[in-house]
Amino acid sequence: MTEQGIDPGGPPPLHGNGGTVRRREHHRYARLRSRNARTTTALVAAALAFLGAAGAAPGGGVSPPGGTSLSGPGARFVPGPCPETPEPIPGRCGVLEAPENRAHPRGRTVRLTVAIIPAASAKPAKDPVVFMSGGPGGDTIDDIPFLIGAGVNRDRDLIVMAQRGTLHARPNLACPEIDRFNARAVGLRYDAPSTGRLLVRAAKKCRDRLTAGGVDLSAYNTTENAADFADLRKALGIHRWDVYGYSYGTDLALTFLRRHPQGIRSVAIDSVVPPQIVSLPWTWDSTREGIGAIFAACAAQPRCESRYPALPRTLTRQVRQLEAHPITTTARPPGGGDLVKVVLDGGALVNLLVANVVPAVDVPAALDELAHGDPERFARAAAAGAHPVIGEFAHGLTQSVACSEWVPGYSQSDLLKAGRRAFPGWPDSVLAQAPQLPFENDVCRVWNVPDRTPVQRIATVSDVPTLILSGSFDAKTGASWGPYTGRTLSRSTAVLIPGIGHWVVPQSPCAADVLASFLNHPLSPDTACVAGLAPKPFTITPDPENS
């Protein structure tokens, strides 16, 4: 394995291993949407022009069958119209029909929307790239503008399939009950037992409704998810393809590589969740690493270090103070609208930092303002959660994966010990809840799906060329887990992008270029642009003590 821009010291100590998930997916990359809007619109228009008249076949090596095509037992691809989305899908669509549970191939089926976006190049490569989204539970179809904006379809067709249980799949494992809880939770203590009971009640209502409708929650797991993609490749008649996944999609991609290596030319994983170590305790490792990297980058910039000294101590003091004396205030969501009641306690502060809803460049200033009695930046970020899109995020898939693959094998005590090791001096009430997955042990007791760790918590060993991308500011999936994963991938290249958080490629033109180079030359990608990168200058505000 080769490494570019990586500290060879290795990952933080393993103490329970793990992975993270985005509990509140409605925050997903609002800043990316704003910053990349013009680029995305232009590239979508270019892709539409390349398509030509409606119904023209996409370029490159993917030619969806004119009619139904069979793949694995009980699976088939059926061409059909593209779903209506805020930005029209510039390609052809259909659905993959597959067994809900492959142990019972004659039982219920799932229907997964598939979109095939043509390559922007006039001479595309014959092997397409298939994308695996994060979450688990995120709307993959909604990721298409980001992928086009980052040029993932620059030289080859791009295939995007809704993962089972998500918005553009049937059945859809949305949980409006949890969405409504999340909206209410903005005005509650983050880690209070009473808040946890409300979350558990919402999860149970969702579970009862889904199972009453005949959904087999045990079938919504990474093994079946990977098998869906294997069936898709066969159904589309693709001999070889490249795989690109981010966040949970890296867990899925590595599982896919381990269980279905046939036909995989290369794999790119972005913001890595290694399946062999996924558990709740590890979330504290990534939180420590990501937040610590932001503080270290501030210390390396003289103006930032001078204006905001001792940031770790400031954060600890604010976590402790807010946990003892929460702030109740009102704030207007970033998108506008009525004022929202917000409660900021220690747990809420930490999770806002992990979720990256306050841009990293503003974090030192936001913490300093908070320390001087002004919580506005954090309160506004929290207020965004008061208006989720009900039913957009598939919490049912989140819980089915997390409760069968991430939670088993580690106790609440293990999680607390991991938190104490990562952040000594923080209150136990904060450290007892995994970042982004509060009260997950309690939720899993009512979700009640079988333990799948014996078949899922396994390292992927492969010589398939692999690109590993990590952002230094990622507090969800810490950057050190990239090269850690590469230890069993003999032909891997690990690349660290400074100053970037979770999901690197859409945020970094350099990372997008590295991915494009890798897809064209998997064994020798051009990573030269990384050498000139550095975190952006941090926001410097006037010092109230010197004004």
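To the nearest 0.5 angstrom, L217 atom CG is 8.0 Å from C206 atom SG. Once rounded to the nearest 0.5 Å, the distance linking CG of D345 with NE2 of H325 reads 13.0 Å. Annotation: the span from S218 atom OG to N101 atom CG amounts to 5.5 Å, rounded to 0.5 Å. To the nearest 0.5 Å, atoms NE2 (H387) and CG (N182) are separated by 13.5 Å. Annotation: the span from E440 atom CD to W447 atom CH2 amounts to 10.0 Å, rounded to 0.5 Å. Distance check: T255 OG1 to E224 CD gives 12.5 Å after rounding to the nearest 0.5 Å.
Looking only at atom types and distance, the side chain of T398 has no donor-acceptor partner in the side chain of Y248 under 3.5 Å away. A donor-acceptor contact closer than 3.5 angstrom is absent between the side chains of N221 and S404. With no hydrogens or angles considered, no side-chain donor-acceptor pair links W481 and S470 at under 3.5 Å. Side-chain atoms of H395 and E177 include no donor-acceptor pair closer than 3.5 Å. Inspection of the D414 and S411 side chains reveals an N or O donor paired with an N or O acceptor under 3.5 Å.
At distances below 3.5 Å, at least one donor-acceptor pair connects side-chain atoms of E289 with backbone N or O atoms of S480. Checking side-chain atoms of T140 against main-chain N and O of A162 turns up no donor-acceptor pair under 3.5 Å. Looking only at distances, no side-chain donor or acceptor of T330 sits under 3.5 Å from a matching main-chain atom of L339. Side-chain atoms of D474 never come within 3.5 Å of backbone atoms of A479 as a donor-acceptor pair (strictly under, hydrogens ignored). Put simply, the side chain of Q163 gets close to the backbone of S133: a donor and an acceptor are under 3.5 Å apart. Between the side chain of T222 and the backbone N or O of L252 there is no donor-acceptor pair closer than 3.5 Å. Remark: the backbone N or O of R189 is paired with a side-chain donor or acceptor of T195 at under 3.5 angstrom. Using a distance-only test at 3.5 Å, with no hydrogens or angles considered, no donor-acceptor pair links the side chain of R307 to the main chain of P364. Remark: side-chain polar atoms of T85 are paired, donor with acceptor, to backbone N or O of E87 under 3.5 angstrom. Judged by distance alone, with hydrogens and angles left aside, the side-chain atoms of R457 form a donor-acceptor pair with the main-chain N or O of E405 at under 3.5 Å.
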Criterion side-chain contact (heavy atoms from CB on, under 4.5 Å) on T316 and F423, from CA distance to verdict: CA-CA 8 Å; T316 294; F423 294 101; 5.8 Å; no

side-chain contact (heavy atoms from CB on, under 4.5 Å) assessment of F181 paired with V200: CA-CA 10 Å; F181 160 80; V200 171; over 6 Å; no

Verdict with supporting geometry, N225 and V401, side-chain contact (heavy atoms from CB on, under 4.5 Å): CA-CA 10 Å; N225 205 347; V401 170; over 6 Å; no

Stepwise side-chain contact (heavy atoms from CB on, under 4.5 Å) test for L198 and L188: CA-CA 10 Å; L198 290 174; L188 303 174; 3.8 Å; yes

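With respect to the salt-bridge test (charged N to carboxylate O, under 4.0 angstrom), the residues E100 and R170 do not qualify. Here R288 pairs with D285 in a salt bridge; the nearest charged N to carboxylate O distance falls below 4.0 Å.
Using a 4.5 Å cut-off on side-chain heavy atoms (C-beta onward), F229 and V243 make no contact. Two residues are said to be in side-chain contact when any heavy atoms from C-beta on lie closer than 4.5 Å; L344 and L349 fail this criterion. Looking only at side-chain heavy atoms (C-beta outward), V152 and F131 stay at 4.5 Å or farther from each other. Proximity of V354 to T283: side-chain heavy atoms (C-beta onward) are nowhere separated by under 4.5 Å. The side-chain heavy atoms of N441 and L280, taken from C-beta on, include a pair separated by under 4.5 Å. For the pair V272 and T477, the minimum side-chain heavy-atom distance is 4.5 Å or more. Within the 4.5 Å cutoff, no side-chain heavy atoms of F473 are placed close to those of N356. Between I89 and V160 there is no side-chain heavy-atom pair separated by less than 4.5 Å.
Shown here for G138 and T166, the closest heavy-atom pair between the two residues is O-CG2, 3.5 Å. Nearest heavy atoms, Q456 versus D251: NE2-OD1, 3.2 Å. Shortest non-hydrogen contact noted between A183 and A386 is CB-O, 3.5 Å. Residues W406 and P136 share a closest heavy-atom pair of CH2-CD, 3.5 Å. Across every non-hydrogen atom of L199 and P438, the tightest pair is CD2-O, 3.5 Å. The two residues A432 and L415 make their nearest non-hydrogen contact at O-CD2, 3.2 Å.
Applying the 6.0 Å contact sphere to CZ of R313 captures no more than 12 heavy atoms from other residues, nucleotides or ligands. With a 6.0 Å radius and a threshold of 12 heavy atoms from other residues, nucleotides or ligands, R303 has its CZ atom at or below the threshold. Counting non-hydrogen atoms of other residues, nucleotides and ligands closer than 6.0 Å to CZ of R111 gives a total of 12 or fewer. The neighbour count for R184 CZ, taken as heavy atoms of other residues, nucleotides or ligands under 6.0 Å away, does not exceed 12.
Of the candidates T541, T539, D543, T314, T541 is the only one forming a side-chain hydrogen bond (donor to acceptor under 3.5 Å, both in side chains) with Y308.
The salt bridge (Lys or Arg N to Asp or Glu O under 4.0 Å) search around R420 returns D428, not counting sequence neighbours.
The aromatic rings of W503 and F146 sit perpendicular to each other, their planes meeting at more than 60°, with 30° as the lower class boundary.
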